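First listed ligand is number 1; within each ligand, the first listed atom is number 1. All figures in this text were calculated on a predicted structure; none of them were measured in a lab.
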Amino acid sequence: MPQVILSGTGLFTPSESVSNEELVASFNAYVDKFNADNAAAIEAGEIEALTQSSSAFIEKASGIKSRFVMNKAGIVDPDILCPQLPERSNDEPSILAEMSLHAANEAIAQAGIKANDIDAVIVACSNLQRAYPAISIEVQGLLGIDGFAFDMNVACSSATFALQNGYDMIRSGSAQRVLILNPEICTGHLNFRDRDSHFIFGDVCTAIILENGEVANSDHGFEIIDTRLITQFSNNIRNNFGFLNRTNAETRDAKDKLFVQEGRKVFREVVPMVAELISAHLADNNLQAGGLRRMWLHQANRGMNDLIAKKVLGHDPNDDLQPTVLDEYANTSSAGSIIAFHKHKQDFKAGEIGVICSFGAGYSAGSVIVRRAS
Ligand code: CO8
């Protein structure tokens, strides 16, 4: 089997950011207006008054302080509370393809290759903006890549599932160089009127280049030692948006057509599942948790990550062992662990080992063990 080298990463960060304070001010203005407009019905007990949000709660419960977004004006306008991203003509690049190009170009440069050296493109993300043609095929065309491309969705675990796909493709010989893209406009499917979740997500795009070791010559390479994926059905994180919604006008715009979750249950159930996944994956590769240089975990909740790392390592992790980008980026679904890897890999020395791990809706979780190659 050929070695598979993760030879480059890229990151597109939107230019606009929203702090917890700004988000909460808009949400609370919406709440105040709703309660004033419905004062009589609330008084009569016909509807429930809405409760204000709090930036102190958000930071304490999640570790999030701000998020990057593709459109701030719509999100912070209490009368809109939704990003405003006008539809583009079929002759223009789609917004997911445009984000992907920015991240792809950085990853391609870091790998020291040209776009047309790539022979497969995977767009792996939580929400695709259209049914077809695939965004990946659009990106393939814009970059002038021969070969093939496909889109896939495993929610927050899309990136690690794509990594295993690319790893398998290179080892089986169906591709030599694979470009993986994770364009996530999470704010497009977030209910900014829901106090329980309005603060959770941000927007971003990450990119990864995988190469057959025989053709890779990057100075930034990480050898993929092994990958492991698990899934287990759960309704605790769900989004019922889909093509059949238009067939039922009464429920078409209901709250479940955006992101909904039982956050407490997710926390409780996913932490042990992920800790066991990483521990067993390391053991089966004859690796000790104590030998890990770093864990680049999915960025959903600071407390969750600290607990997973503690269960795996046997002690509290510090920021060097388990870096956080959640404070600045919030949850960016599949891109989170890849942002952490992109920003916190330069200091690795040859031979040092780390784990990229994602987890989320499905449930789904993926573990990718990497070793700095040179
Ligand atoms: N402001 C003030 N108070 C609040 C707020 C708020 N905004 N929200 C809730 N509260 C209150 C509640 O009313 C409750 O009050 P009381 O105790 O009086 O009843 C109290 O705070 C505690 O509420 P919770 O139990 O809900 O709060 P938690 O401490 O559990 O924190 C979190 C909530 C932060 C959501 C936490 O549960 C969490 O992070 N859980 C893990 C979730 C997770 O990892 N989910 C993964 C989802 S991501 C994924 O899989 C990708 C899906 C695809 C992408 C979708 C993109 C949109």
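- Taking the six-membered ring for Trp and the full ring otherwise, the centers of Phe192 and Phe27 sit at least 6.0 Å from each other.
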With the criterion set at N/O pairs under 3.5 Å, what does the list of contacts between the protein and ligand 1 look like, atom names and distances included?
{"residue": "ligand 1", "atom": "1 (N)", "partner": "Ser54", "partner atom": "N", "Å": "3.2"}
{"residue": "ligand 1", "atom": "3 (N)", "partner": "Arg195", "partner atom": "NH2", "Å": "3.0"}
{"residue": "ligand 1", "atom": "7 (N)", "partner": "Ser53", "partner atom": "OG", "Å": "2.9"}
{"residue": "ligand 1", "atom": "7 (N)", "partner": "Arg195", "partner atom": "O", "Å": "2.9"}
{"residue": "ligand 1", "atom": "13 (O)", "partner": "Arg195", "partner atom": "NH1", "Å": "3.1"}
{"residue": "ligand 1", "atom": "25 (O)", "partner": "Arg264", "partner atom": "NE", "Å": "3.4"}
{"residue": "ligand 1", "atom": "29 (O)", "partner": "Arg264", "partner atom": "NH2", "Å": "3.0"}
{"residue": "ligand 1", "atom": "30 (O)", "partner": "Arg264", "partner atom": "NE", "Å": "3.0"}
{"residue": "ligand 1", "atom": "37 (O)", "partner": "Gly263", "partner atom": "O", "Å": "3.4"}
{"residue": "ligand 1", "atom": "39 (O)", "partner": "Asn301", "partner atom": "ND2", "Å": "2.8"}
{"residue": "ligand 1", "atom": "40 (N)", "partner": "Gly263", "partner atom": "O", "Å": "3.1"}
{"residue": "ligand 1", "atom": "45 (N)", "partner": "Gln261", "partner atom": "OE1", "Å": "2.8"}
{"residue": "ligand 1", "atom": "50 (O)", "partner": "Ala361", "partner atom": "N", "Å": "2.8"}

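- Asp37 CG to Asp32 CG: the interatomic distance, rounded to the nearest 0.5 Å, is 10.5 Å.
- Ring geometry, Phe34 versus Tyr30: the interplanar angle falls from 30° to 60°, so the pair is classed tilted.
- Qualifying side chain to side chain donor-acceptor pair (under 3.5 Å) partners for Gln261, counting only residues two or more places apart in sequence or in other chains: none.
- Scanning for side chain to side chain donor-acceptor pair (under 3.5 Å) contacts around Asp79 gives an empty result, with sequence neighbours left out.
- The side chain to side chain donor-acceptor pair (under 3.5 Å) search around Thr206 returns Asn182, not counting sequence neighbours.
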